[in-house]
Amino acid sequence: VDKFKIIESTLREGEQFANAYFDTETKIKIAKALDAFGVDYIELTSPAASEQSRKDCEAICKLGLKAKILTHVRCDMRDARLAVETGVDGLDVVIGTSSFLREHSHGKDMAYIEKTAIEVIEYIKSKGLEVRFSSEDSFRSDLVDLLSLYRAVDKVGVNRVGIADTVGCASPRQVYDLVRTLRGVVSCDIETHFHNDTGCSIANAYCALEAGATHIDTSVLGIGERNGITPLGGLLARMVVTAPEYVKSKYKLHMLKEIEDLVAEAVEVNTPFNNPITGFCAFTHKAGIHAKAILNNPSTYEILNPADFGLTRYVHFASRLTGWNAVKTRVGQLGLSMTDDQVKEVTAKIKTLADVRPIAIDDADSIIRSFHLSLHEQPD
Ligand code: HCA
Ligand code: CU
C-alpha cells in the first residue's frame, strides 16, 4: 500500500466529463501543473479521437515533462500505429470483455481479443514503449476468461494489466477479491480504474492497493464519464493518512487547491462543499465542544493537517452552538482583552442573537466590540 503510482487521467477520462472542452493551451497548463505536483503518469486522449487530439498529444510530449506521457487507445493495430508516432512514453490499451460490451459494442469473442491483444502488445514493445493492457467492465466479465487473457498477456511481457470498473458497480470487497486473485496469476504491475456511480471510487482504489495493485487512475475533482472516477485529491486524503511519509515526500500537496481551481474553472464547475481537503468547510470546526478541543490540540478532531496542504483551519464562532473558548480566541484575534467571565457573558449574547436568526462573522464581531466598549464606558 505504501508505494503506489498515480496515472492522472484528467486529460483523457476527464475530457469525457460532460462540461469538458480543453483547448491546447488549457491542456498544456493542466499537464504542467500535474507534472509539478508530482504525478507519475499523465494519460491523454487517443490520437485516433480527432486530428486536434493527435496534435495536442504531440505538443504535450514535446514539453519534456518529468511525468511519463501515456495515451489511451483501443486494442487495435491502427490506433496503436498512430499512437506510437506521437512521441508518448507508453500506451494504455483497452478492450471490452464483459458480455454486455462484447455483444452490444464491438462484437468480438475472447479468442479474437486475445490474439489481437498479443499482436498489439508485441508491436508496442517492439517500438520500445511501455504498454498496459486492460479490460473494460472487468467486474461484469467472466472471471475465468479474464484471468486466462491476463495470463496470456503477462507471458508476452506486458508492463501492466488493468482492472476497470467502467460502470461503477464494484464494492470494496469485490475489488479486494478480484485484485488479490489477479495478483496470484500475473507477475506484472496492476493498474486499476474506478468509476464513482455508487460512491465507492476512493474506497475501491484503496482496497485495490491493499490487495496488491500498483497503479491508480485518478482525475482532478474526479471528472469523467457520468459522475466520474477516483478524484486525485480524495485519493491523496486517504493515502496521506495511510502512508504519510511517502505521500508528503512525493507530492507537492500545497499545489492541490490551485490545480483543482484550474480544472474547476476550465470545466466551469465549483469545488463541492464537501470535497476532501479543499471543500470550503473541510477544516471548519463549529460545535463549542469541538472548538475547545481543536484550540487545545488540533488532532482531537482532525485526521488531516490543513498545513500539509497549505491551508488553514477555521474555528466557527458565529452560531448558537459556539462556546466561550472559541469566542475567547476571536476576542484575541480582534486585539481585545477580556477576563474569562467577560468572555462567557459576551458568548451568551452571541447565542441569544443566534437563536433568533442566522448570524454572520460581522454580527458576532460587532456584539464582541460593543460589549468590550461598554466595559470601558462604565468602569467599576
Ligand atoms: C471508458 C473506458 C474506460 C477505460 C479505463 C481504462 C473505462 O469506458 O471510457 O482503460 O483503464 O472506464 O472502462 O475509461
Ligand atoms: Cu473510465
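When a ligand or atom number is given, it counts from 1 through the structure's own listing order.
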One line per pair, note the atom names and distance for all nitrogen or oxygen contacts under 3.5 Å between ligand 1 and the protein.
unit_1	atom_1	unit_2	atom_2	d
ligand 1	8 (O)	E136	OE2	3.1
ligand 1	9 (O)	Q16	NE2	3.0
ligand 1	10 (O)	H72	NE2	2.7
ligand 1	10 (O)	R132	NH1	3.3
ligand 1	10 (O)	R132	NH2	2.8
ligand 1	11 (O)	R132	NH1	2.7
ligand 1	12 (O)	H193	NE2	3.1
ligand 1	12 (O)	H195	NE2	3.0
ligand 1	13 (O)	T166	OG1	2.6
ligand 1	14 (O)	R12	NH1	3.0
ligand 1	14 (O)	R12	NH2	3.1
ligand 1	14 (O)	E13	OE1	2.9
ligand 1	14 (O)	H193	NE2	3.2

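- Distance alone, capped at 3.5 Å, is enough to place a donor-acceptor pair between the T10 side chain and the V220 backbone.
- E58 pairs in a side chain to side chain donor-acceptor pair (under 3.5 Å) with only one of the listed residues (K55, K62, R54), which is R54.
- Ring pair F4/Y246 is perpendicular by interplanar angle, where above 60° counts as perpendicular and below 30° as parallel.
- Using a 30° and 60° split on the angle between ring planes, Y314 and F317 fall in the perpendicular class, above 60°.
- For H195, the ring-ring contact (aromatic ring centres under 6.0 Å, His included) criterion is met by H193, not counting sequence neighbours.
- Neighbours of the Cu ion (ligand 2) restricted to protein N, O or S atoms under 2.8 Å: the count is 3.
- Ionic pairing of E210 and R180 is not present here: no N-O contact between side-chain nitrogen and carboxylate oxygen is shorter than 4.0 angstrom.
- Scored by the side chain to side chain donor-acceptor pair (under 3.5 Å) test, D355 finds R320 as partners (sequence neighbours excluded).
- One finds the CG atom of L336 at 5.5 Å from the CE atom of M338 (value rounded to the nearest 0.5 Å).
- The only option from L34, D217, I216, V263 that meets the side-chain contact (heavy atoms from CB on, under 4.5 Å) definition with L232 turns out to be L34.
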